[in-house]
Amino acid sequence: MATFQTLPGFREFYPEDLARRNHVFRLWRQTAVAYGFAEYDAPVLEPLDLYKAKSGEEIEAQLFSFTDKGGREVALRPEMTPTVCRLVGARANALKRPIKWFSIAEFYRYERMQKGRGRCFNQFNADIFGEPGPEAEIELVALLIQCLCAFGLNEQDFYVRLSDRNLWFYYLEALGLDEPRIRGVLGAVDRYEKYGDDAFKGYTEQFGALDAVLKDRILAFLQIKSLEALEHTLASLGDKLTARLADWRKLLGGLEAMGFAPYVTVDLGVVRGLAYYTGFVFEAFDRKGELRALAGGGRYDDLVQKLGGPALPAVGFAIGDMTFALLLEQRGLMPTLVTAPDVYCVIGGPAERLAAFADIQALRAMGFRVDYPLKDSAFGKQFKAAAESGAKLALIYGTDELAKGIVKIRDLKDRTEHEVRPGDVCSVVRDFISAG
RNA sequence: GCGGUCAUAGCUCAGUUGGUUAGAGCACAAGAUUGUGGAUCUUGGGGUCGCGGGUUCGAAUCCCGUUGGCCGCCCCA
């Protein structure tokens, strides 16, 4: 059996694995729908240029890409954002605003495997297009939090760190830095948590040592953990910052009114790489800090246009399934038995089997999950199978029952039995199941 | 791409200084058991000891290579 194995980093889902995955997907989908988001999907295979256009040439090293038989350069999708931008961009003028969309899809990245990271994984993606104000962020951060709370996680388990690339730009601008230097500082900020002072090495090499006073102010800014401190630090540093602070108040106020304040922290240490983000950015982490990021997102107002669409503001985030599953398992929130029949039939012999088939068929047509042994076997074995199946009821089709013109129905939990007429089987089962 | 570490049954693992036909528990299957529950007992199927090469009379065991897993680095859209 060792001849053919899965490609490195790829996963197989045996029924019990898929049951868990389906459970996760079901709650994500249910939550997104409750928030008024519409589901979409798109091809797994895309033109390679779609990702080069967004992320540059160097991205190719981490893509599953190849040339197809028609000579096209293609790649398995590593993320959903460029695809959804194309979808929305193509019909931007016809779509009702705001455009609130989500998807649950599989992605591929040619990377080294690690805990919570594989070469193929699933993400829940949600985006809002056409809304430039922080109202879109309120909705999305709320959805992100709810997507985790839906599983029983709470503010003891995870939190969302909220940051803002605009605020950094305006602040560093106010401190007198030009754009290349601002980008350099943001690069250092992104790495500061991990490398401490060494994070500024790259900046120093490129621009020379950062002025000590300036650096202290940047590090102090990095430490800010509340809106009040933010307002205090930025008071009277110019109109841009004042206006931006109003957005912050609106965003945090909205989340507080939704009851999500305990989940959100101001944390300017989050920069989200140097990619395409243009405003608020946020990441969700487990409180213990043992796992990789659970989710991440932010505003990307320029990307739709960059990919050939009209100018269209956008915010979005994604939750990955691997780290999330690890967290659920850590907290004992991943259910084990998600699938069990409602009814298991115990069958005495060939003649009884034919009698049972009529009821089995009728019950299945009513939507009940019904199972039975494919081959005749001892009653003891069948009752054992019935109990192990997790079914609530057993229907007993034996010689004695048929001779008496009845079917025996057994409650597998309290082990009581009673007799019903064959014509009443369906209604009795229905009443029992619906009574819980 | 780099470094560390590991690889024996579906799973968890044992396997002595290199020595007969590689074991246990769990799981699976059959029987005891053609009329009532997750038990017990008996039995069974299942292994190229990751793969390839080398040393040796003899390799699961030692050596080299390789593939894959795990952990970390780079990266993380």
Side-chain angles (χ1 to χ4, degrees), chain A residues 1-12 14 16 46 50-56 58-63 75-85 107-119 121 123 125 187 190-191 194-195 270-277 281 283 290-298 300 303 306-307 316-318 320 322-323 337 344-353 373 375-391 393-404 408-417:
Chain A
M1 284 308 289
T3 313
F4 295 108
Q5 33 185 283
T6 56
L7 262 12
F10 283 68
R11 298 181 289 173
E12 292 171 310
Y14 283 78
E16 61 270 30
E46 292 276 14
L50 181 62
Y51 305 109
K52 283 188 182 169
K54 183 196 144 213
S55 307
E58 61 283 359
I59 198 70
E60 205 174 334
Q62 285 166 43
L63 289 176
L76 290 170
R77 62 186 174 200
E79 58 167 326
M80 195 55 110
T81 306
T83 301
V84 70
C85 284
F107 300 93
Y108 303 84
R109 294 179 187 176
Y110 199 87
E111 291 184 293
R112 197 73 179 162
M113 287 196 58
Q114 260 176 66
K115 191 176 185 180
R117 188 174 82 177
R119 286 181 171 183
F121 54 94
Q123 276 187 350
N125 273 263
D190 194 27
R191 293 159 181 277
K194 201 162 187 179
Y195 298 102
V270 176
V271 180
R272 298 280 296 159
L274 296 176
Y276 47 82
Y277 288 109
V281 290
E283 291 186 329
E290 293 169 350
L291 302 171
R292 311 173 70 81
L294 291 160
Y300 52 97
L303 194 58
K306 197 172 163 189
L307 291 173
F317 74 86
M322 294 184 76
T323 301
L337 190 70
Y344 193 94
C345 296
V346 173
I347 296 168
E352 292 78 9
R353 177 174 298 269
K375 286 181 176 165
D376 295 334
S377 68
F379 264 52
K381 194 149 284 189
Q382 293 192 55
F383 278 103
K384 185 174 165 182
E388 284 176 346
S389 75
L393 288 177
L395 293 180
I396 302 164
Y397 297 86
T399 317
D400 301 349
E401 284 80 2
L402 257 59
K404 284 171 70 180
K408 230 182 243 172
I409 182 163
R410 180 177 177 91
D411 182 332
L412 288 167
K413 198 170 283 176
D414 65 19
R415 303 188 176 203
T416 58
E417 270 176 20

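The figures that follow rest on heavy atoms only: side chains count, while hydrogens, waters and symmetry mates do not. It should be emphasised that the depicted structure is a prediction, and the values quoted were computed from it without experimental measurement.
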Partner of A14(B) under the Watson-Crick or G-U wobble criteria, both distances under 3.5 Å, comes out as none
Indicate the atoms forming the closest heavy-atom contact of Q382(A) with V346(A), along with that distance.
OE1-CA, 3.2 Å
Rounded to whole angstrom units, what separation is found between the CZ atom of R119(A) and the C1' atom of A77(B)?
17 Å
Measure the distance from CZ on R112(A) to P on G4(B) and round it to the nearest whole Å.
12 Å
Using the P atom on both, measure U66(B) against G1(B) and round to a whole Å.
13 Å
Please state how far atom CZ in R11(A) lies from atom C1' in G69(B), giving the value in whole angstrom units.
16 Å
In B/S/- notation, 5' to 3', how is nucleotides 32-39 of chain B contacted by protein heavy atoms closer than 4.0 Å?
--SBBBBS
Opposite nucleotide pairing with A9(B), Watson-Crick or G-U, both atom distances under 3.5 Å
none
Is a donor-acceptor pair below 3.5 Å formed from side chain R292(A) to base C76(B), judging by atom type as modelled?
yes
Only pairs with both distances under 3.5 Å count, Watson-Crick or wobble alike; so what is the partner of G65(B) in this structure?
C51(B)
Can you tell me if R191(A) has over 12 outside heavy atoms packed within less than 6.0 Å of its CZ?
no
Roughly how far apart, to the nearest Å, are A30(B) and G46(B) at atom C1'?
14 Å
On a whole-Å scale, what distance lies between the C1' atoms belonging to G52(B) and G44(B)?
34 Å
Return the value, rounded to whole Å, for the distance between atom CD of E12(A) and atom C1' of G69(B).
14 Å
Could you tell me how far apart L63(A) (CG) and C76(B) (P) are, to the nearest whole angstrom?
13 Å
Have a look at R77(A) and say if it touches a base, only the backbone sugar-phosphate, or nothing, with a 4.0 Å heavy-atom cut-off.
nothing
For R119(A) and P8(A), which heavy atoms make the closest approach, and how far apart are they?
CD-O, 3.1 Å
I would like to know whether Y51(A) and R77(A) meet side-chain contact (heavy atoms from CB on, under 4.5 Å); could you show each step before the answer?
CA-CA 8 Å; Y51(A) 305 109; R77(A) 62 186 174 200; 3.1 Å; yes
Find the partner of G31(B): check Watson-Crick (N1-N3 plus N6-O4 or O6-N4) and G-U wobble (N1-O2, O6-N3) distances, both under 3.5 Å, and reply none if neither fits.
C41(B)
Pick the C1' atom in A7(B) and in C49(B), then give their distance to the nearest Å.
10 Å
Atom C1', compared across U33(B) and U43(B): separation rounded to whole Å:
15 Å
In whole angstrom, give me the gap between the C1' atoms of U8(B) and A14(B).
10 Å
So for atom OH, which belongs to Y110(A), do other residues, nucleotides or ligands contribute more than 12 heavy atoms lying within a distance under 6.0 Å?
no
Checking all strands, does P8(A) fall into the base, sugar-phosphate, or nothing category for heavy-atom contacts under 4.0 angstrom?
sugar-phosphate
Nucleotide forming a Watson-Crick or wobble pair with C2(B), both distances under 3.5 Å
G72(B)
Mind checking if G9(A) touches a base, just sugar-phosphate, or nothing, with heavy atoms under 4.0 Å?
sugar-phosphate
Between E111(A) and Q62(A), is a side-chain contact (heavy atoms from CB on, under 4.5 Å) present by the stated rule, with each step listed?
CA-CA 6 Å; E111(A) 291 184 293; Q62(A) 285 166 43; 3.4 Å; yes
Establish, with yes or no, whether the OP1 or OP2 oxygen of G72(B) is under 4.0 angstrom from a side-chain nitrogen or oxygen of R117(A).
no
Minimum side-chain heavy-atom gap I396(A)-E417(A) below 4.5 Å:
yes
One pair to check against side-chain contact (heavy atoms from CB on, under 4.5 Å): M322(A) and R117(A). What are the steps and the verdict?
CA-CA 7 Å; M322(A) 294 184 76; R117(A) 188 174 82 177; 5.6 Å; no
Counting any heavy atom closer than 4.0 Å, what does Q382(A) reach on the DNA or RNA strands: base, sugar-phosphate only, or nothing?
nothing
Which atom pair, heavy atoms only, marks the closest approach of E12(A) to T6(A)?
CD-CG2, 3.1 Å
Between CG of L291(A) and P of C71(B) the distance, given in whole Å, is 11 Å
Check the distance between A27(B)'s C1' and Y14(A)'s OH and give it to me in whole angstrom.
14 Å
With both distances kept under 3.5 Å, what pairs with A22(B), Watson-Crick or G-U wobble?
none
P atoms of C64(B) and G18(B), separation to the nearest Å:
16 Å
Separation of G3(B) atom P from Q114(A) atom CD, nearest Å, is 16 Å
Say you pick atom C1' in A60(B) and the same atom in A77(B); how far apart are they, in whole Å?
45 Å
Any donor-acceptor N/O pair under 3.5 Å between A77(B) base and R109(A) side chain
yes
